[in-house]
Protein chains: 2
Amino acid sequence: MSVGIRHDDLRRRNRAMVISAVRRAGQPSRTEIAATTGLSHSTISAISSDLIQEGILTESKASETVSLKRGRPQVGLSLNPEAAAVLAVVLSLNFLSVAVIDYAGQVVAEEQRRLDTLTMSRDELIDECVAIVRRRLEDPDLDVRSVARIALAIQGITDSHARAMLWSPITPQTNIAFADILEREFGIPAIMENDCNMMAVALRWRDPDRYRDDFIAILLSHGIGMGLVLKGELFTGTHSSGGEFGHMIHRPGGALCRCGRRGCVEAYAGNYAIWRNARQLSENAEPVADVSDAEMRALAARARQTDGPEREAYRRAGEALGFGLGSLFALIDPAPVAMVGASAAAFDLIEPALREAIAQTAGGQYSGSISFDTEPNELPLIREGCAMRALSFVDQEIFAPGAQGKSSTVRKHVA
Amino acid sequence: MSVGIRHDDLRRRNRAMVISAVRRAGQPSRTEIAATTGLSHSTISAISSDLIQEGILTESKASETVSLKRGRPQVGLSLNPEAAAVLAVVLSLNFLSVAVIDYAGQVVAEEQRRLDTLTMSRDELIDECVAIVRRRLEDPDLDVRSVARIALAIQGITDSHARAMLWSPITPQTNIAFADILEREFGIPAIMENDCNMMAVALRWRDPDRYRDDFIAILLSHGIGMGLVLKGELFTGTHSSGGEFGHMIHRPGGALCRCGRRGCVEAYAGNYAIWRNARQLSENAEPVADVSDAEMRALAARARQTDGPEREAYRRAGEALGFGLGSLFALIDPAPVAMVGASAAAFDLIEPALREAIAQTAGGQYSGSISFDTEPNELPLIREGCAMRALSFVDQEIFAPGAQGKSSTVRKHVA
DNA sequence: CAGTATTTTTTCGAGGCTCGAAAAAATAGA
DNA sequence: TCTATTTTTTCGAGCCTCGAAAAAATACTG
């Protein structure tokens with residue numbers, strides 16, 4: 001059962017709320033914060049004065065343009081970029097990238113590397129991640145003491161405690177506790193997140209009007225992934241990152257999937273599946289390890305040109321996605337969908353069959369109202385989500401801590 | 001964004017927590033409550049003394065048997081049965097029942113009625129519900145002023161605000177705002193809930209060890225329904241009661257479902273589907289309106305006796321349920337499952353194919369650890385859940401109200 | 001049976017927090 | 001320069017929770 005509210009929780013929670021209001025609004029005045037949080041002006045005044053003194057917020061002569069109004073002008077509050085920094089590490093197929101982000105959310109440094117993740121050993125994989133983080137931390141421009149959090153996103157399944165990668169299509173290795181490893185190595189709290197979940201987090205920040213409380217982000221790539229936000233909360237499984245939309249069953253006993261099972265949505269809609277069908281190979285043909293973006297673009301071009309096996313392959317992908325979404329909508333009610341990843345550029349080929357399939361399912365009654373948006377470039381999205389995730393942690397756990405963490409390293413250096 | 005915590009919320013929340021602790025534990029002492037809530041002894045003392053004075057809790061010389069210990073004996077706190085009462089109304093196929101439950105959770109009166117729901121008009125349906133409630137409220141043994149809530153459970157889809165039935169298999173009528181109707185008629189707050197969700201609520205109260213934070217209740221009946229608890233919360237759709245497990249797609253374009261679509265899980269696992277397959281009718285055959293329990297028992301008996309079409313029908317039901325659960329487990333991770341309803345008595349016929357199917361899905365890696373429990377009698381479960389739902393409302397909204405509701409009718413009569 | 005040990009519950013003062021009202025600050029218009 | 005207006009801070013009041021100590025209620029002990 002949930003625990004009672006202690007007296008000191010009050011301040012902590014309201015501090016967190018003020019910080020979060022500032023992060024959302026950018027440069028709100030105290031009055032605006034009072035309005036959005038529902039707290040009184042006096043309380044906001046007290047809390048924000050604390051936060052400014054601690055170096056977490058700064059005053060900035062806000063909205064000079066809007067000072068057409070009479071009366072004392074509003075003073076904008078903004079996040080102090082120097083209050084902390086976080087690292088966002090993204091590990092995907094044959095690619096590793098890291099970005100340093102200041103407390104206000106600006107990227108201050110980054111580095112990218114090509115790897116051969118499929119053939120690397122466990123230790124090589126770990127070493128590369130540790131090394132790229134170390135290089136960033138050794139950057140003389142960066143105050144290492146200010147780095148408060150490392151967030152690592154990976155394609156694949158992570159555990160629900162955000163500690164480890166359990167399984168990933170980018171490597172044959174399994175169960176690597178990246179978060180624990182980085183934490184031990186650098187003494188900085190780390191979390192391990194699923195890439196699609198981070199896409200969803202980023203979409204929420206990018207377009208809060210469209211992606212508010214309930215929406216779905218689907219990654220159309222070599223595999224099929226999903227990030228799901230329900231009732232304003234990232235939806236995760238109880239043991240793992242969950243939301244393995246790509247491995248819902250489309251046709252029992254059907255096409256061979258990369259996961260070794262049969263009939264998964266991915267076995268019809270993943271790049272390898274589209275490629276396999278376009279070449280008219282058997283459904284039992286072993287999934288290929290990778291199909292280049294260029295090759296997929298060529299497939300899509302041919303599909304647009306002539307009504308051949310390529311077009312049929314995309315049609316089947318749409319059908320699988322449609323029935324999958326239909327089953328999903330039976331469980332959670334329809335919501336806006338973002339199609340992310342290289343194959344989202346071919347969504348025109350996928351959409352007709354997808355809509356036709358949804359119309360045959362329980363979600364069909366709403367099928368007109370279901371809207372799709374496409375975003376071909378997943379990497380920036382994942383990195384952005386990762387950064388926001390890490391920053392939210394700093395907001396809540398470090399700058400609005402429970403009694404035990406009152407004197408953290410980070411706070412000291414700012415004061 | 002969530003709202004700030006005002007100062008007066010504190011007491012309210014902690015009051016609610018104390019009440020809920022008492023409801024869960026039965027007869028806890030103040031010391032026990034302090035332990036489970038994490039609040040100090042002084043706080044618990046203050047709050048419970050308030051609650052006793054207001055007639056919500058009563059002291060009861062607790063645990064006379066356990067008074068073997070030294071020291072001042074613990075005084076048990078329990079819910080005052082007279083503090084309030086709620087009505088639990090359950091409307092299912094051809095059947096209407098109502099129960100009056102006191103604040104401590106004991107049934108004090110009940111009434112049941114057979115109807116012909118499939119042929120009744122909208123007004124007849126509403127009138128029957130209003131009439132049965134009125135008869136209970138006119139009972140001279142009942143203090144009407146103490147009735148604080150009416151909860152109505154129905155098979156079918158309800159809206160997410162718990163106001164209306166949107167669609168139900170028990171009647172051709174749609175969109176009946178039962179909650180609003182009852183509320184207007186009697187001036188008592190009412191809610192409209194989905195039957196399977198109430199099953200899940202009841203299971204949590206009955207066996208909190210097994211059904212704690214994550215579990216699934218599946219109704220195997222004429223149709224297939226589901227109640228889902230995730231992270232300790234009842235899972236509902238954003239617009240409707242959600243969790244329409246029975247209408248996930250098992251085989252695209254497959255057997256004809258009662259909902260008019262094709263290939264739903266229910267079209268293989270609902271009573272009418274089993275009956276249809278056992279008779280070796282076409283998958284396109286119109287679903288029959290009802291199959292009697294006796295007939296289903298006869299089918300099951302034949303299936304156990306000889307390896308004929310009956311056994312095959314149950315096998316197909318198991319397969320559909322298995323693939324459906326497998327897809328569900330891809331999204332939410334495996335969890336304990338309760339199979340409820342008359343067909344749960346035939347679960348021995350269903351289970352082998354079900355497990356075999358799950359093993360072929362993403363949930364398969366855990367298939368050994370997935371445990372099923374059966375409960376053939378859904379009605380008591382639904383009523384129990386309904387009652388607990390209504391009582392929880394009274395606990396939280398009436399006895400631990402926000403500033404506006406401080407002087408409710410109910411409170412006055414108790415004081 | 002009186003005295004002691006033990007456990008539960010209440011009492012009481014201290015310390016925090018939020019709130020509303022009033023004051024102070026900062027600007028635009030007259 | 002003065003006034004109106006809006007934002008922000010200040011200040012006292014009112015709650016709430018907490019810890020420590022006191023009070024209450026029982027079992028053990030000789």
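Since we're looking at a predicted model, the values are computed, not measured. The sequence lines fix the lettering, A, B, ..., with proteins before strands; numbering per chain opens at 1.
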Query raised in the report: Can you check salt bridge (charged side-chain N to carboxylate O under 4.0 Å, His left out) on A/R30 and A/E59, steps first, answer last?
Result: CA-CA 10 Å; A/R30 291 168 175 80; A/E59 287 193 335; 2.6 Å; yes

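With rounding to whole Å, B/E59 atom CD is found 15 Å from D/dA24 atom P. The distance between atom CZ of A/R30 and atom C1' of D/dT6, rounded to the nearest whole Å, is 14 Å. The distance from atom CD of B/Q74 to atom P of C/dT10 is 12 Å, rounded to the nearest whole Å. Following rounding to the nearest Å, B/R72 (CZ) and D/dA25 (P) show an atom-to-atom distance of 6 Å.
At least one side-chain nitrogen or oxygen of B/T31 sits closer than 4.0 Å to the OP1 or OP2 atom of C/dT9.
Each end of the helix from C/dC1-D/dG30 to C/dA30-D/dT1 yields a helix axis from five base pairs, and these two axes differ in direction by 20° (to the nearest 10 degrees).
When all heavy atoms of B/D102 and B/A104 are compared, the closest pair comes out as OD1-N, 2.8 Å.
Only one option out of A/V86, A/L87, A/I150, A/L182 pairs with A/I188 in a side-chain contact (heavy atoms from CB on, under 4.5 Å); it is A/I150.
Side-chain contact check for A/S45 and A/S42: no donor-acceptor pair (N or O, by modelled atom type) lies under 3.5 Å. Checked by atom type, the side-chain pair B/Q27/B/S60 shows a donor-acceptor distance below 3.5 Å. One side chain, A/K231 or B/T236, offers a donor N or O that lies under 3.5 Å from an acceptor on the other.
B/R204 forms no cation-pi arrangement with B/Y211, by the criterion of a distance under 6.0 Å to the ring centre and an angle within 45° of the ring axis.
When heavy atoms are screened at a 4.0 angstrom cut-off, B/S29 is found touching the sugar-phosphate backbone but no base atom.
A residue-by-residue look at A/G71 and A/E32 shows that A/G71 has its nearest nucleotide of DNA chain D further toward the 5' end.
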Query raised in the report: When you check every protein heavy atom under 4.0 Å of nucleotides 15-21 of chain C, what one-letter string (B, S, -) results, 5' to 3'?
Result: BBBSBB-

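For A/F399 and A/Y103, the ring centers are positioned less than 6.0 Å apart.
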